[in-house]
Student: 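Dropping a structure here in structure tokens format, bear with me for questions.
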Amino acid sequence: MTASDQYASVRYIVDDVQAAVDFYTTHLGFALKTSAGPAFADVVRGPLRLLVSGPASSGARATPDDATTAGRNRIHLVVDDLDAEIDRLRSAGLSFRSDVIAGPGGRQILLTDPAGNLVELFQPAHRQATP
């Protein structure tokens, strides 16, 4: 297994690579892996490698013109205490795109990165183990 095989990679097209790197490393616990700004950078958190591609990157240039707006996809980050994360991120001046939604699997809220890409923060429901 090579080093790149250790990660699941997701590409987000962004307007400003440095602003995206700052957002993910400052607020969401990612670490910078590679920087080729202003065209490209990648940040990692656990097994997730997030490729942030600016307008000059080959990844962005390969995007068809009719697919330039953000879709309904999002990365999903599990947190231990959703309310504490919301308070921490609001204190840092970030705003959310949804209210907290609760379901049988847990609770979630959406925020956006500086380019408008969605990030879901999710706190799983605590369940009793079945014998």
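Everything quoted here is computed from the prediction, not taken from an experiment. Hydrogens, waters and symmetry mates are skipped; everything else that's a heavy atom, side chains included, is used. We're numbering straight along the sequence, starting at 1.
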Student: Got a donor-acceptor contact below 3.5 angstrom from the D42 side chain to the S35 backbone?
Tutor: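 Here the side-chain-to-backbone pair does not exist.
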Student: State the CG-CG distance between L118 and D113, to the nearest 0.5 angstrom.
Tutor: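 The CG atom of D113 is 8.5 Å from CG of L118, to the nearest 0.5 Å.
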Student: Regarding R97 and T112, is there a side-chain donor-to-acceptor distance under 3.5 Å anywhere?
Tutor: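 Side-chain D/A pair, R97 to T112: absent.
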Student: Quick check: do V78 and P124 have side-chain heavy atoms less than 4.5 Å from each other?
Tutor: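 In short, these two side chains touch, coming nearer than 4.5 Å.
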Student: Just verifying a value: how many Å separate R11 CZ and F40 CZ, rounded to the nearest 0.5 Å?
Tutor: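 R11 atom CZ to F40 atom CZ measures 6.5 Å (nearest 0.5 Å).
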Student: If you look at every heavy atom in S57 and A39, which pair is closest and at what distance?
Tutor: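 Looks like CB-O, 3.3 Å.
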Student: Roughly how far, to the nearest 0.5 Å, is the CZ atom of F122 from the CG atom of L77?
Tutor: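 Separation between the atoms: 12.0 Å.
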Student: Does Y7 reach the main-chain N or O of R45 with its side chain, forming a donor-acceptor pair under 3.5 Å?
Tutor: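 Here the side-chain-to-backbone pair does not exist.
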Student: Under 4.5 Å between side-chain heavy atoms, counting indirect links through other Ile/Leu/Val/Met/Phe/Trp/Tyr residues: same cluster for V52 and I13 or not?
Tutor: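 Different clusters: V52 never reaches I13 through Ile, Leu, Val, Met, Phe, Trp or Tyr contacts under 4.5 Å.
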Student: Walk me through whether I109 and I101 qualify under side chain to side chain contact (heavy atoms under 4.5 Å, CB included).
Tutor: CA-CA 6 Å; I109 194 166; I101 304 296; over 6 Å; no
Student: How long is the span from the CG atom in L89 to the OG atom in S95, to the nearest 0.5 Å?
Tutor: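 If I round to the nearest 0.5 Å, the distance is 10.5 Å.
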Student: Any sub-3.5 Å donor-acceptor pair from S98's side-chain atoms to L110's backbone N or O?
Tutor: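 The answer is yes, because a donor-acceptor pair under 3.5 Å joins these two groups.
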Student: Shortest non-hydrogen contact from A41 to V21?
Tutor: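 Distance-wise, the nearest heavy atoms are CB-CG2, 3.6 Å.
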Student: Does the side chain to side chain contact (heavy atoms under 4.5 Å, CB included) test come out yes or no for V119 and Y24, once each step is laid out?
Tutor: CA-CA 10 Å; V119 177; Y24 287 101; 3.6 Å; yes
Student: So if you build clusters from Ile, Leu, Val, Met, Phe, Trp, Tyr with side-chain heavy-atom gaps below 4.5 Å, do L51 and L28 land together?
Tutor: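 No.
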Student: Does CG in D81 sit with more than 12 non-hydrogen atoms of other residues, nucleotides or ligands closer than 6.0 Å?
Tutor: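 Yes - once you tally the heavy atoms of other residues, nucleotides and ligands closer than 6.0 Å, there are more than 12.
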Student: Does Y12 reach the main-chain N or O of A20 with its side chain, forming a donor-acceptor pair under 3.5 Å?
Tutor: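 Looks like no, no N/O pair under 3.5 Å.
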Student: Which atom names give the shortest non-hydrogen contact between L32 and T25, and what distance separates them?
Tutor: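 It is N-CG2, 3.9 Å.
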Student: Does Q123 use its side chain to pair, donor to acceptor, with the backbone of L82 at less than 3.5 Å?
Tutor: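 Looks like yes, one N/O pair under 3.5 Å.
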Student: At their closest point, which heavy atom of P114 faces which heavy atom of A19, and how far apart are they?
Tutor: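 Taking every non-hydrogen atom into account, CG-O, 3.7 Å.
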Student: Do the side chains of L121 and Q108 get nearer than 4.5 Å, heavy atoms only?
Tutor: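 A side-chain contact under 4.5 Å is absent here.
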Student: Is the closest side-chain heavy-atom distance between V44 and L50 below 4.5 Å?
Tutor: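 Not touching, per the 4.5 Å side-chain cut-off.
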Student: First locate atom CD1 of I86, then atom CZ of R107, and finally report the distance between them rounded to the nearest 0.5 Å.
Tutor: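 Taking CD1 in I86 and CZ in R107, the distance rounds to 6.5 Å.
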Student: Closest heavy-atom contact between R88 and T26?
Tutor: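 Distance-wise, the nearest heavy atoms are NH1-O, 4.5 Å.
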